[in-house]
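Whatever order the structure lists ligands and atoms in, that order sets their numbers, starting from 1.
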Amino acid sequence: MARFDTKKLHAGYNPADHNYAVSVPIYATAAFELGTVARSDDLFAFDSWDPLYTRLSNPTTDVLEGRLVELHDATAAVSLASGMAAVSYSLLNVTAGSGRILTTPRLYGGALDSLTQVFRESNVEFDIVNDPDDVSSFERAIKPDTKVIYIESLTNPNATILDIEAIAEVAHKAGIPLIVDNTLATPYLLNPFEFGADIVVYSATKGLSGHGNVIAGVIIENNSFNFDSDKFPQFRDTPYFLRSQQGESRSYLDVFPDGPFTGRIRGIHLNYLGAALAPFSGYLVLLGLETLSERIQKQVDNAEKVVKYLESRIGKEVLWVKHPSAEGNKYKALAEKYFPKGAGGVLSFGLKGDIQQRTKFLEAVKVWGFQANIGDAKSLIINPSTTTHTELNPDLQNAADIQDETIRLSLGLEDVEDLIEDLQQAFEAAGL
Ligand SMILES: *Cc1c(COP(=O)(O)O)cnc(C)c1O
């Protein structure tokens, strides 16, 4: 079995199946010839998994899905047009129109707000644990109709870490799955399946692709959770379109034995809500994946150096620094367990001064890009309270530990000395 860096270049692709093309071809086609009527019958009855229509699958995005499955030692995946589609489809799939989602305030701003804006409207409620750092607060917050625990492994902007293994135990004791958004970590730093996660979702827009050229998402499962349960009758459903060629009714569990969760998403959410990943976008993510380890490791190294620099400015321009590598950070022990290679390239710091100085500072940086993105090859800076997390009301911002003074950095691949000098000149330009 190949190792991680070999898989990120080769897994899921056999050139002999694609005219020996060295680079994964972009199958720019909406539909595929059905050939004979017998072949068509096989395709429509799920007796063949050959491509049929690109909204459902495509050979280019198939390679991406296969590669990510192997990088996680998982069993099935579905790629989607955005990270938000991955988050919302996985939560729609697990709740199926009733029950509750248990989560934390430390979520991607859009994911947290979607619970209010989308899920409430679909008859699904949510609960937010009081203290995500205290595993017993997850246990206490589980209600009889809670259907999932949804967390992020490493969070934006403050680089906090949750105890995935302990939270997975709480979920499994309650008979519900744990879904982990692993966007910031990427599989290079952490494979959540190793610690009990049942479903892993990504915004591939971020570190997975790393070049900031594409919007994409993916949902991965390892078939560890038994969805054949009274709590999740949707997987025992036998919709007419799943029937066999002989007309026997079949469930998602029957038709997708290695991946009922992503199988049902492909059959319903991708099929009928339609956020399909374009083959060209899938190709761009594949290109990015080839350099995943090298990029993420340099971003981690750069982040740790910038943390040291910012720490040297505490008491001057800087109020505090949040990253597991920072002095006295409360996530050091969890970082040792879950992030032995380093806890990612995103960090935050408190900027001294008033709102005018903050504005001057953000407008004075030259190397850092002022953007609502993370995980790019280019370093990025932003003030979350009025941008990436502006949809959160003051209570939720408070719970997410986001202050007006919070500045978020996402480290790229530049020379770190240039990044540090740029911060220093911007501090001065802001009169701090
Ligand atoms: C960006 C992001 C998302 C949403 O992804 P898009 O690709 O922008 O739709 C979800 N979760 C996390 C942690 C993110 O950073």
Can you tell me if NZ on K231 sees more than 12 non-hydrogen neighbours from other groups inside 6.0 Å?
yes
Restricting to salt bridge (Lys or Arg N to Asp or Glu O under 4.0 Å), what partner residues turn up for K366, sequence neighbours left out?
none
Could you work out, with side-chain hydrogen bond (donor to acceptor under 3.5 Å, both in side chains) as the rule, every residue matching D228, not counting sequence neighbours?
R236
Side-chain donor-acceptor pairs under 3.5 Å in residues 267-286, sequence neighbours left out?
unit_1 : atom_1 : unit_2 : atom_2 : d
N271   : OD1    : R55    : NH1    : 3.0
N271   : ND2    : G267   : O      : 3.3

In a simple table, one pair per line, please give the protein and ligand 1 atom names for every N or O pair closer than 3.5 Å, along with the distance.
unit_1   : atom_1 : unit_2 : atom_2 : d
ligand 1 : 5 (O)  : S203   : OG     : 3.0
ligand 1 : 7 (O)  : G83    : N      : 2.8
ligand 1 : 7 (O)  : S203   : OG     : 2.8
ligand 1 : 7 (O)  : T205   : OG1    : 2.6
ligand 1 : 9 (O)  : G83    : N      : 3.1
ligand 1 : 9 (O)  : M84    : N      : 2.8
ligand 1 : 11 (N) : D181   : OD2    : 2.7
ligand 1 : 15 (O) : K206   : NZ     : 2.7

Assess R264 against F256: is NZ or CZ under 6.0 Å from the centre of the six-membered ring, and within 45 degrees of the ring's axis?
no
For K330 and T160: C-alpha separation, side-chain torsions, deciding distance, then whether side-chain hydrogen bond (donor to acceptor under 3.5 Å, both in side chains) applies.
CA-CA 9 Å; K330 77 191 267 197; T160 68; over 6 Å; no
